[in-house]
Structure formats: C-alpha cells, structure tokens
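Data block below; observations after.
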Amino acid sequence: MKATQLYAPTLRESPAEAELISHKLMFRAGFIRKAAGGIYSYLPLAWRTMKKIMQIIREEMDAKGGQEIMMPIVQPAEMWQESGRWAVYGDEMMRLKDRHGREFALGPTHEEMITTLIRDEVRSYKQLPVMLYQIQNKYRDEIRPRFGLMRSREFVMKDLYSFDRDVEGMNISYEKMYDAYSRIFTRCGLKFRAVEADNGAIGGGHSHEFTVLAPSGESSIAYCEACDYAASDEKAELKIIQAEPEELRPLEKVSTPACHTIELVKNFLNVPIEKTIKAVAFMDDAERLILTFVRGDHEVNEIKVLNVVEGANHLYMAGDKLIEAANSCAGFMSPIGISNAIIVVDQSVMLMSNAVAGANEVDAHFINVTPRRDFDTEKIIVADIRMVQAGDPCPHCGAPLKMTRGIEVGQVFTLGKKYSEALNATFLDEDGSTKNFEMGCYGIGVGRTMAAAIEQNNDKDGIIWNRAIAPFEVVVVPVNAKDDKQLDFAKKIYADLISAGVDVLLDDRKERAGVKFKDCDLIGYPLRVTISPKTLESGNVEVKIRRSGEFMNFACGEAVEKILELLNTL
Ligand code: ATP
Ligand code: MG
C-alpha cells in the first residue's frame, strides 16, 4: 500500500483526557477517533492490527475445534429474564425498545443467546462436544469508560462457548482454551501471565485471567519467578506464617488512652507491628456484624471474607452502633468477650503468641494475647482472609512472591450447569437420561489486546510493534519522493518485498524526510528501509530497526533476503 492512499491522520497533540500512553499514542498515530465516551472509530492502521490479532485468534480457535459463527448483537429481553440476569445485570446493560415496545439489550456477553440456540438444536450426546465462537462488538455501559480502548463501552470481543457431556469433558475444553490463549498471546509477542482468578458470582469452577504485565494495568497480581504460579491479589492463596515458639505470658488488660489505631497502640506499647492484631468491622446486606482480624501489618481481603461467611454477598463498613450492640467499641475490638457478631480470624493470627489486641472497651487493650488459648475457637471462623503482599511465600514452591500490575486481556471460565439449568438446556445421554450441558466461556478483548501491546511496547518517539501484529511490517521511505530516481528505486524494493510476501507500506508522500521519519517512529513499523542519495550512490539500502534504533546497510541485491531474515527476529 502507498502512504499517499493511506488514511492515517497523525497529530502532534493527544487529547487532554488521555491518561494512558496507549490512548495517547493511538490517537496521535491516527489509529482511533472518539465518537462519544468509550465509543471509537478504528481507522485503517488500528483495523489492520486488529485484523491481525483476530486472525491469530481464529487460527488458534479453529485448531482446537472451535467453529466461527455470528450471533445477533440485539438480544430479546426474554432470554435474559429466563436466566434471571435481566434484573441483576443493572445499568451496565444497554437496553432498547422496538416500535412495539418490546425490550431488547445490546449484547454485553452471549451466554443466554448461545444456550438458547444450542438447546433447540443439540439433542444427543453424539453431537458433543461443541465449541462455537464469534468475534463481534460487545456493549457495556461501563460506569467509568476510560483509557481509550482499554475500558470502552463498545468493544470487539472474541467469545467462545463450550458445551460438554460431563465435567471431565468440560475440563478438557478448558485445557484446550487455556492452551490456545497461551499460544495467542505468545504469538502477539506479549509478556503475560495466566493468573488464577476469583470467579466470584459464577462460583464452583476454575478461571484464569490472561494478564499482560504493565505498570499501568488495573489488576494487581502476585506471581512467582521460581515457578509459574500467578494469581490476582484477590485470589492469591497464602500459607500460614509460622511463628517462633515463645514462652506464653498470662493475658493482661492495660490502659491505652486514645490509641484507636494500630499505629498508635504499637507506638504507645512499643511493640513491633507483627505483634499486634488488627480488627476490621464489616456489615453485610442482612446487617449482620462481621468482625475480621488480621495481623497488624496485614490487610483484610474482602473477597476471601465473603467466600467464608455463609450467606454474605456484599460487605459494607460497619457503623459504631452495630459495634456497640456487640459489646465492643470501634478502635478497640477483639474476639475476646464479644457477642452478636460473626468473627473471622486470619489463619496466621492463630499462630501468634503474646500479642496485642483490643479489649472491647474504650482506651484499653489486652497484651499477651495468644489466640489459640484466648479466643473461643468454637465461635470463630478461622481462614485465609488476608491480602497477599510482596515477599509472602509462593503457595506452590515457597519462594517469595512478587507483585506487579497487569491488564486483563482474556479470561477463561468453567461455567458448569449455571446457564444450562437456568435456561433448561438438556441433551439425551448414552444411558437415555436427560442431562444439562456442562459449559465453559472464553473471552478475549481485541481492542484491549492492541492497547495492552502498546502499553508494553513504546518509547518517547511512539509505538514499537511486534511484527505479528504491526499494521505494516516494513515501511520503505524515499527521503525525497520528488526525486524520480529515489522513488523508482523505492518502488522496486517495495515490489520485491510484496512478492516476498511482506506486508509493506511505501511512504511516497512528498513531505520532508524529517516529517516522514517522525511518523514512522510514531506509528511504530518494525523496520524502516530508507532510500537516500547516499544509498543510491553506494548501491546500499539503509534499514532501521524500530525497537533497538539500530541502523544497518545492505547491498541492494541482497536487501530483500536480509530484510526477511531480520523480520523473523522481530
Ligand atoms: P473487566 O474485569 O476488565 O471489566 P470483565 O472481566 O468484565 O473485564 P469479561 O467479561 O471476562 O471481562 O470479558 C472478556 C474480555 O473482554 C476481557 O478479558 C477484556 O479483554 C475484554 N473487555 C471486557 N470489558 C471491556 C471493556 N469495557 N472495554 C474493552 N475490553 C473489554
Ligand atoms: Mg474478566
């Protein structure tokens, strides 16, 4: 393709609202334009990259037995009412009415659509397993659309759904997709981790989030460099921290005037923070008081608390009244002598000895608290309820965990029978019994993957594409396109590269060389081939590697071959 025919309006400035580098660069490099908050047009360069990502996805989905289909974006309310999600999906769902007043939604996801499709068509175990996928626009009226394509309201997603006879089959489908996702993100040239995820509301099965490592990411993950363990901070399992054995002293109440925070009490009593027990008071929807206890230097993980307290769906901070009703007071809480509360104690707290904890009265604490001796173990829940921290031991191999941030670009889930039961989707098994399908769902955000690639690969001059997903692999730049000799020479190399199967752009614009070079760096083509009077004279062409900034000279005769070799390394 020729640059004079390419619609790629580059800009000097990025929009004031753009916070992320990927958002700024996609705007400046002429990849996207905004129509409304979280709603974008993809211009040719973006769409070329997205098509390459989609092609990689298609190849890997097909290789695992996936079949591409296209389902409606406009989905009737009835199927969502049947699954029960019409009411619970909330404001994130974009809803509309037709001229007869019938309600529809713009699909945020397609479990309902595909399950109703399958239930009417697949009747026998002989037709299983089935894996169907599509790549299309999804709609989610995100509360805070931001970061350009990272969190938009209209975005392109690949979603695959698997239907199996039994749990074993479902797990095989899951493994296949896990493997395909690893291949996809590797082929895209991304540094990523498959992170064990909390599958919260869906419950039961397994889930991994494929997370591209980038400091700007919204997810916080713990990972191990010694083995391949990685988990979201919400999910990361923790081992019990063993404490040094010590002689136990008797429990004693001491006065701690105005010491209502761990910081104050630790300083007042002059004890290390690891010797204190911190309380955090929550309330659930039923207004039950849930008192949680962790070591002073640890933080409570609310998701883990929800997972162990039966019947709790949300946690809110508890007010003073509720705490007082439990015979305690804010700032001085401990499980000793408390009533009318659900008490959840972190497993590591139970190993502490001679620690400091609240005395459930104003301006008083207990010292020498030894929870396994002093807490009423019949009345408390002991569990892993704390947030992971850098340096905590890896649950798989014990090496110290590291923390990093990441961007979730894909997620794999086993759904089990959640939707097949809700929507009554069954098949006849070999023994003649009627069974619900065991399902899985698997999504990848195409635009978010492109944005994540830019977050991971950029410098002060612009984007640095990996060859596999670059809008063009090579750009050929005659320094002065008004010079016929240069232009002809450039056209020859351009034609040779096309014949060799390279995706190449000829920058035949009659702009100044500096302008063209700046655009090349901003857009981020992996290789730039420059034709100048100097190269014509010497019979060499100059090749610049975008990522390293290295320049190389190749004799004209071998230029194409050398470029192909170089491309294979990028
Ligand atoms: P998040 O937690 O980031 O809101 P999600 O868990 O709701 O995402 P899924 O339902 O798992 O997302 O969707 C599958 C994939 O679709 C995500 O991994 C992500 O790549 C992409 N995606 C989800 N929401 C958006 C969005 N608002 N904008 C762009 N891509 C998105
Ligand atoms: Mg997700």
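Order of appearance sets the numbers: ligands from 1, and atoms from 1 within every ligand.
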Checklist entry - Out of Arg448, Gln411, Arg146, whose heavy atom is nearest to atom 11 (O) of ligand 1? => result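 Of the listed residues, Gln411 has the closest heavy atom.
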Checklist entry - Parallel, tilted or perpendicular: which fits the ring planes of Tyr40 and His23, with parallel below 30° and perpendicular above 60°? => result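 The arrangement is perpendicular - the two ring planes meet at more than 60°.
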Next on the checklist: Check the orientation of Tyr181 and Phe185. Use parallel for under 30°, tilted for 30 to 60°, and perpendicular for over 60°.
Outcome noted: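 Aromatic pair Tyr181/Phe185 classed perpendicular.
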Check contact between [X] and ligand 1, using heavy atoms of the residue and a distance below 4.0 angstrom.
X	answer
Arg153	no
Val409	yes
Gly447	no
Leu149	yes

Checklist entry - side-chain contact (heavy atoms from CB on, under 4.5 Å) with Ser420: which residues, sequence neighbours excluded? => result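 By the side-chain contact (heavy atoms from CB on, under 4.5 Å) rule, Ser420 matches Lys417, Ala425, Asn436, Phe437, Met439.
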Checklist entry - N/O of Phe155 under 3.5 Å from N/O of ligand 1, yes or no? => result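 N/O-N/O distance below 3.5 Å does not exist for this pair.
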Checklist entry - Between the main-chain N or O of Ile454 and the side-chain N or O of Ser22, is there a donor-acceptor pair closer than 3.5 Å? => result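 Judged by distance alone, no pair lies under 3.5 Å.
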Item to check | Arg140 side chain vs Pro108 backbone, donor-acceptor pair below 3.5 Å | outcome: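 Here the side-chain-to-backbone pair exists.
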Checklist entry - What part of Met150 sits under 4.0 Å from ligand 1 if we count only heavy atoms: the side chain, the backbone, both or neither? => result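 Under 4.0 Å from ligand 1, Met150 contributes backbone atoms alone.
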Checklist entry - Hey, is Arg151 touching ligand 1 through its side chain, its backbone, both or neither, going by heavy atoms under 4.0 Å? => result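 Contact part for Arg151 vs ligand 1: both backbone and side chain.
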Checklist entry - Are a donor atom and an acceptor atom from the side chains of Ser232 and Glu234 found within less than 3.5 Å of each other? => result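 No donor-acceptor contact under 3.5 Å links the two side chains.
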Counting only pairs under 3.5 Å, give me each side-chain donor-acceptor contact of residues 382-393, with atom names and distances, residues two or more places apart or in other chains.
| residue | atom | partner | partner atom | Å |
| --- | --- | --- | --- | --- |
| Asp384 | OD1 | Lys304 | NZ | 3.1 |
| Asp384 | OD2 | Leu238 | N | 3.1 |
| Asp384 | OD2 | Lys304 | NZ | 3.1 |
| Arg386 | NE | His298 | ND1 | 3.4 |
| Arg386 | NH1 | Asp392 | OD2 | 3.1 |
| Arg386 | NH2 | Asp392 | OD1 | 3.0 |
| Gln389 | NE2 | Asp297 | O | 2.9 |
| Asp392 | OD2 | Gln389 | N | 2.7 |

Item to check | Residue pair Lys138 / Asp159, side-chain heavy-atom distance below 4.5 Å | outcome: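 Yes, side chains in contact.
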Could you list the atoms of ligand 1 found under 4.0 angstrom from a heavy atom of [X]?
X	result
Glu142	24 (N), 26 (C), 27 (N)
Met157	13 (O), 14 (C), 16 (O)
Gly410	18 (O)

